[in-house]
Every structure is written in structure tokens, then in C-alpha cells.
Visitor: 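One structure, as C-alpha cells, below. Some questions next.
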2 protein chains.
Amino acid sequence: MSIPYELSGRTRQKQRTRGALVEAAREMVTQGQTPTVDEAATKASISRTTAYRYFPNQRALLVAAHPEIGALSLLPEKPPIDASARLDAVITAFLHLIVDTEPQQRTMLRLSLDPDPSHRGDLPLRKGRAIGWIGEALSPLRGQLTERDLRRLILAIRSAAGIEALVWLTDIAGLSRKEAVQLMRWSASALLRSALAESSTAGRQIKRRRPVEGSTRRRGSSGTAKLALNLRRRAPD
Amino acid sequence: MSIPYELSGRTRQKQRTRGALVEAAREMVTQGQTPTVDEAATKASISRTTAYRYFPNQRALLVAAHPEIGALSLLPEKPPIDASARLDAVITAFLHLIVDTEPQQRTMLRLSLDPDPSHRGDLPLRKGRAIGWIGEALSPLRGQLTERDLRRLILAIRSAAGIEALVWLTDIAGLSRKEAVQLMRWSASALLRSALAESSTAGRQIKRRRPVEGSTRRRGSSGTAKLALNLRRRAPD
DNA sequence: CTCGTCATGGTACTCAAGTCCCATGACGCA
DNA sequence: TGCGTCATGGGACTTGAGTACCATGACGAG
């Protein structure tokens, strides 16, 4: 629990140094670059050695340099009451944020996948702000859905609409940014519709209530069984 | 269009050398490691220099070492007729493949995000096999959905259920693998249900047909407008 | 103004990626 | 069996990440 370097001694000087370094790195990151520690340090008129005093590695510097969005809400000034409209407004705004900062989003995603264990605890890295934004959009559903179902819906929506999905839709599926955004908006509203339909008919259905939620486990497994031996031959994706 | 190194001269010897190298790398990759070029070469009793003759960089070697799955289908032996059941079987099998090889999937995802332009054309890297598998599961819907809607549905399902979504659900949302799989299965079937509901009521509805597909553009944009100035302050996620 | 603390700068080192060049030795054709 | 081709190995070099050590010079408390 040692106090970080910047919080002891001549703290004001350190703040200025650190600020200059982060600012230099931020400028380069915003332009889509991935600056070397030395490059960022040089740009800030700081020695490489000093830079490493403030950040244990390049990754940490890039994380600190990552432009962040402070918005507490993505809803428009006069938010709609209808959950569907609210959700679409938020998702659209969210996706535009993502697309507008796509290079940085990709960098952060890549860094978060870094296998190096020593870098793992570096942290705030990808905070999951979207959960709050989507949750706010869906707040009219509080009474309609159980807390559990609501949370599941939020997570499902976010995992269907975000930088990860964008990467796959553009890089693998070959969609344009615009098409990808349209598709993710559709996904989000489709998931919402399903959740609502599910809740409105809940209790009435006796069998086939949720053909997905577990009963098919056995069958699914048997489906993979014959593939087990091939598992190390080809990539699933 | 120069012929690759291995296809000229003493090709049999080269095949053996290359095979040994890939095999050595594959073993390490399968154990979740990310071998150095030198490590893989040493393990294959090959010099580092020679290794670089076969693969231009570590990335290419890792890609070649990536275990691939040759399955043409993920459907069980006696596939259900019901599209929903078929989809769930395929998605479940697919997700188990992903989870079982998660470290490699993550590595591939990370490599695919590599910014280095010289590595970009390296190739097959993440081929998008799942599109075919899901498409096969949904083949009973050929007549029911337009080709365009069917394709959209397939892409939506795959982008909601795959390694990218798994990464987010576990790393950011904090779900366990098991929970994440359950959630993605729900997403897949929910998307299918929505698509079917949409098609069965199509043509009847005059307004509010698809509140998502474009009409809300203006509103969504205005929602983000007030945030434009904050764009470089905090991360959206 | 002085002196000791402390932030900084510089140099040198390790390690991995990647490139280049040249020697060597095995393969296979004549 | 001999010889030239050619795959391989080894060494040297560059660059970036990251670490360690020591000198210096500025700040500020007395």
C-alpha cells in the first residue's frame, strides 16, 4: 500500500511534470497514434527515465492518456418516456461516441487483452460506463421487469452494441461503420422487444417457457461431442 | 506475386522444417502461452534465423500455430426442425468451443487488433466461420424472412455471441464463463424471436413500423450534440 | 544565503522483435 | 563419387520496452 510517487514530496512540480507527459501522450493518442514512451517524453520535454518514474510501462501511460467521456447521461434534454425510444437514443449516442473515437477504443481493447500478468492490475481500463447509461434508458421498465431480467437485458444490449461488436462487424463481417451502427441499433431494440414480450407472457406459458434457459443443455453438449476430437484443428471463427 | 519460400526448391525438407516449427508453436499456444519466435524455434530444434525465413514475424507464426476447427456444421446428428432449437444447439456448441479455447481466442483477437500496418495483410486471421454455422441453423427461415433480414439476424446473433462479447461480459461486467454463456444464449434466441415477430407483423403496421431503422437519427444526434465538447475527456466504456 | 533534500537527466544494461550477411554442410543430380 | 545448389546456422546490428545506478541541479526550509 505504498503511496504513489506523485503524492509525496514536491507534489506540485510532479503534478506539472505528469500533466505535461499525459498531455503530450494524449495529443498523439487522439490522432490515432500509439506513441513510444520515449516519443511522448520527448514531446513533453521530459527524459525517458522520468517518464518511467510516473508510469510503470507504456500501457499505463496510454491508459492515462486515453481521452475520457464524463457524461453522466446520454439521454437528450427532454428524454422520451417510451423505453424503446429512450434506449435507441442512448444507444445511438453511445455508438457515435464509439465510432468517433474508434482508434482509441481499439487500442484500449487491445491493451485490455494484453497477456502480460505484471500489467494486469493496472486498472481502470475500460470501466463499463455504458451499463449506467443503458440502465438509465431502461429505467421506465423498473416495475415491468424483475431486477434480474433487467440486468440481463442491459448486459445483453451492451454486449451486442459496443466496440467489440463493431470490430467484428467491420473487420470480419465486412460491414461499413454506418451499417454496423444500424445493425447494432436493431439488435438493441430487438433485445428489448424480446424481453418485454417475454415478461408480458410470463406465467401463462407452462411448457416451452424459455426453450433456451437450460433444458437444451444436454442436447447442445451432444452436438459438440462429435467435434471434441477436432478441437485443435481449426479456428471456430 | 512472388512464390512463397516454401514452394520452391527442396520443398519436402522445407515442409518438414515448417511443420516442426508450427507444431512446436502450436503446443505452446495450446497451453495458453505466447511463445517467442526464438522459444518456438528452439523447441523445434531450429535456429531463430530459419524460423524467420518461414514466417515474417511472430504474429504470422502464432496465426499458423492457431488450432483450427474444421467442422462444417455444429448441428447435432439429428437436427431439430424448429429454428429456435437449431439455433440454440448451434450457439451452445459454438460457445463451448470458444470457452474451451478461450486463451487462444483472446490471442487471436488481440493480434487482429494489432495496429502495425505491415502485419495487417497477414490474413486468414479470424475467418468468420460462425456465419456459416448460424446460417445453417436458421436455414428453415429461408422462406419466412427476406434474405436481407436473415443476414442481418445472423450478424446480430454472432456479434452478440462470440469471443468479443465473452471478453466484455467476463472482464468488464464481471460474469463467470457459465453466466456469460447463458446470457449469450438468451441474446441469440431473443434476437431470433424479435426477427420472427417483426416479420409476422410486417406490412400490417403503418407507422412505428421499425422505430429503430433510421427515423430517429436526428433525435439521436441531437442527444449527442451537447456532449460533443466533452468528447475527449472520458472514456465511453 | 546556505545546505540538504529530491526531482530530474544521462548512461548503461537486458531482453525480444526483426533484419542482414556470410559460412557451412547436407541434399541430390550428373 | 564428386560438385554445385540451397537450406540452415550463427553472428552482428537496429529498435523499443523496461530496469538500475549515479550525477546534477533546482527547490525550499533554516
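Proteins get letters first, then strands, A, B, ... in listed order; numbering begins at 1 in each. All values below were derived from every heavy atom in this structure, side-chain atoms included, with hydrogens, water molecules and symmetry-related copies excluded.
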Visitor: Grab the OH-P distance between Tyr54(A) and dA7(C) for me, whole Å please.
Guide: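 The answer, rounded to whole Å, is 7 Å.
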Visitor: For Arg12(B) and Thr34(B), find the nucleotide of DNA chain C closest to each by heavy atoms; which residue's nucleotide sits nearer the 5' end?
Guide: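 It is Thr34(B) whose nearest nucleotide is closer to the 5' end.
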Visitor: Rounded to the Å, how far apart are Met28(A) CE and dG16(D) C1'?
Guide: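 About 14 Å, once rounded to whole Å.
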Visitor: Does Arg53(B) have any side-chain hydrogen bond (donor to acceptor under 3.5 Å, both in side chains) partners at least two apart in sequence or in another chain, and if so, which?
Guide: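 Arg53(B): no side-chain hydrogen bond (donor to acceptor under 3.5 Å, both in side chains) contacts found.
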Visitor: Quick one: Arg59(A) CZ to dG18(D) P, roughly how many Å, whole number?
Guide: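 Between P of dG18(D) and CZ of Arg59(A): 10 Å.
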Visitor: Is the phosphate of dA17(D) approached by Gln58(A) (side-chain N or O, under 4.0 Å from OP1 or OP2)?
Guide: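 Yes.
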Visitor: Can Arg110(A) and Asp114(B) be counted as an ion pair, charged N to O under 4.0 angstrom?
Guide: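 The answer is no: the pair does not qualify as a salt bridge.
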Visitor: May I ask you to say what Phe55(B) touches in the nucleic acid, namely base, sugar-phosphate or nothing, with a heavy-atom cut-off under 4.0 Å?
Guide: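 No contact.
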Visitor: Leu21(A) has an atom CG; how far is it from atom C1' of dT8(C), in whole Å?
Guide: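 Atom CG in Leu21(A) sits about 13 Å away from atom C1' in dT8(C).
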Visitor: Taking atom types as modelled, find out whether Arg185(A) and Gln182(A) have a side-chain donor-acceptor pair closer than 3.5 angstrom.
Guide: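 There is such a pair between these side chains.
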Visitor: Could you point out which residue of Leu95(B), Thr92(B), Ile91(B) forms a side-chain contact (heavy atoms from CB on, under 4.5 Å) with Val181(B)?
Guide: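 Per the side-chain contact (heavy atoms from CB on, under 4.5 Å) rule, the option paired with Val181(B) is Leu95(B), out of Leu95(B), Thr92(B), Ile91(B).
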Visitor: Could you tell me whether Arg152(B) and Glu179(A) make a salt bridge, using a distance below 4.0 angstrom between a side-chain N and a carboxylate O?
Guide: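 Answer for the salt bridge query: no.
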Visitor: Rounded to the nearest angstrom, tell me the gap between atom CG in Asp114(B) and atom C1' in dG16(D).
Guide: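 Distance, rounded to whole Å: 14 Å.
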Visitor: Tell me which donor-acceptor pairs under 3.5 Å the side chains of residues 39-49 of chain B have, and how far apart each pair is, sequence neighbours excluded?
Guide:
| from | atom 1 | to | atom 2 | distance (Å) |
| --- | --- | --- | --- | --- |
| Glu39(B) | OE1 | Thr36(B) | N | 2.8 |
| Thr42(B) | OG1 | Asp38(B) | O | 2.8 |
| Lys43(B) | NZ | Glu27(B) | OE1 | 3.4 |
| Ser47(B) | OG | Thr49(B) | N | 3.4 |
| Ser47(B) | OG | Thr50(B) | N | 3.2 |
| Ser47(B) | OG | Thr50(B) | OG1 | 3.2 |

Visitor: Rounded to the nearest Å, what distance is computed from the CG atom of residue Leu62(A) to the P atom of nucleotide dG16(D)?
Guide: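 Distance check: Leu62(A) CG to dG16(D) P gives 15 Å.
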Visitor: Which ones in residues 45-53 of chain A lie close to DNA chain C, meaning a heavy atom under 4.0 Å from one of its atoms?
Guide: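 Of all residues in residues 45-53 of chain A, the ones placing a heavy atom under 4.0 Å from DNA chain C are Ser45(A), Ile46(A), Ser47(A), Arg48(A), Thr49(A), Thr50(A), Arg53(A).
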Visitor: Check this for me, if you would: do Glu164(B) and Arg158(B) make a salt bridge, where the nitrogen-to-carboxylate-oxygen distance has to be below 4.0 angstrom?
Guide: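 Yes, charged N to carboxylate O under 4.0 Å.
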Visitor: To the nearest angstrom, how far is Gln15(A) atom CD from dC6(C) atom P?
Guide: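 Answer to the nearest Å: 18 Å.
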Visitor: Could you check Thr36(A) against Gln13(B) and say which one's nearest nucleotide on DNA chain D is further toward the 5' end?
Guide: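 Between the two, 5'-proximity favours Gln13(B).
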Visitor: Rounded to whole Å, please give me the gap between CG in Asn57(B) and P in dC20(C).
Guide: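 Computing the Asn57(B):CG to dC20(C):P distance gives 14 Å.
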